[in-house]
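I have placed the structure first, in the form of structure tokens, so that the comments after it can refer back to it.
Just follow the structure's listing: the first ligand is 1, and inside any ligand the first atom is 1. Quick caveat: nothing in here was measured; it's all calculated off a predicted structure.
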Amino acid sequence: MQQASVKDMTDRYGVIGNPIAHSRSPDIHRLFAEQTGEHITYERILATRQDFTQVVRQFQDDGGKGLNVTLPFKHDACELVDQITELADHAGAVNTLLLQDDGTCIGANTDGIGLLRDLKKSLQLPLHARKILVLGAGGAARGIIEPLLGERPDILLIANRTKANARAIADTFQEAGPVWGCSLDEIPSRPFDLILHATSAGLQHRELALPAGLVGPHTCCYDLMYGDTPSPFMQWGREQGAERVVDGFGMLLEQAAESFYLWRGKRPDTAMACRCLRPQPPA
Ligand code: ATR
């Protein structure tokens, strides 16, 4: 009998989105695989709104075992799955697909867990009884609201360009804690402990018009996005005098680690991954 080669035992994973060329997920998952001794490949997959479902199905038919789903397909992915975790269902956003051997597909959302791990474990930031402002009411924001409310903040205000979208999310999670929705210009001018930026304005190189007075000496400004250079939101946070200004690289690592765990049953070392992979500021 022939022995199976490592190539035969190698499982295929990837990240699907649009745009996708900038994604660091392949580097992250390759490092996780090295750390844990798992044999996987991980690729970037570009799709359009029209062919998203077909591309996922084709990937599964070709033997793919799992996908991370990123902008702008987190909501579309909810429609495609056969089973969905409670957290992803409530959020209306899926960022992890588990492609089963029987052809079915399970959807999960690891964004909230990833954010909480970064805030609590890496940044040692308490959330209980704190005032939290979330900017944005799209897929990225939806995934983090319920986990944040689980930390029992004093208030969680969702502010968005389109007020109705912020109100809709607040209504969805009303039972889970003290959450409200408003438009960007209705944000009360008083300091928040934590301001989370979850809009896609930065991707279009647009700046948000935010009222003054939101940042106090102990405010942490946290951008869910990450990049080689500080985002306009991070620059704004610095200008406003925030105590800490943080990008979403830690969250990216933590949500990826949770996806990896769902796929492979092994927990990677994210602190080590952060030291290896965090973009270095220009010298
Ligand atoms: P994602 O999955 O990354 O959240 P999305 O679902 O398309 O992407 O949501 C994008 C978010 O960014 C929304 O909150 C959007 O506001 P609207 O609900 O008003 O569309 C916000 N957004 C996008 N471009 C923006 C801009 N130029 N200024 C302010 N908010 C913007």
- line: Per the under 4.0 Å non-hydrogen criterion, ligand 1 touches L71, G136, A137, G138, G139, A140, N160, R161, T162, N165, T199, S200, A201, Q204, R206, L208
message: Taking R130 first and then E151, would you say they form a salt bridge - that is, a charged N and a carboxylate O separated by under 4.0 Å?
response: no
task: Indicate the ring-plane relationship of W263 and Y13, choosing parallel, tilted or perpendicular according to the 30° and 60° boundaries.
output: tilted
query: So, T162 versus N160: side-chain donor-acceptor pair below 3.5 Å or not?
result: no
- request: Just say parallel, tilted or perpendicular for the rings of W236 and F233, cut-offs at 30° and 60°.
  value: parallel
query: Within 45° of the axis and under 6.0 Å from the centre of the six-membered ring of Y42, does NZ or CZ of R30 qualify?
result: no
message: Hydrogens and angles aside, do Q235 and R238 bring a side-chain donor and acceptor to less than 3.5 Å of each other?
response: no
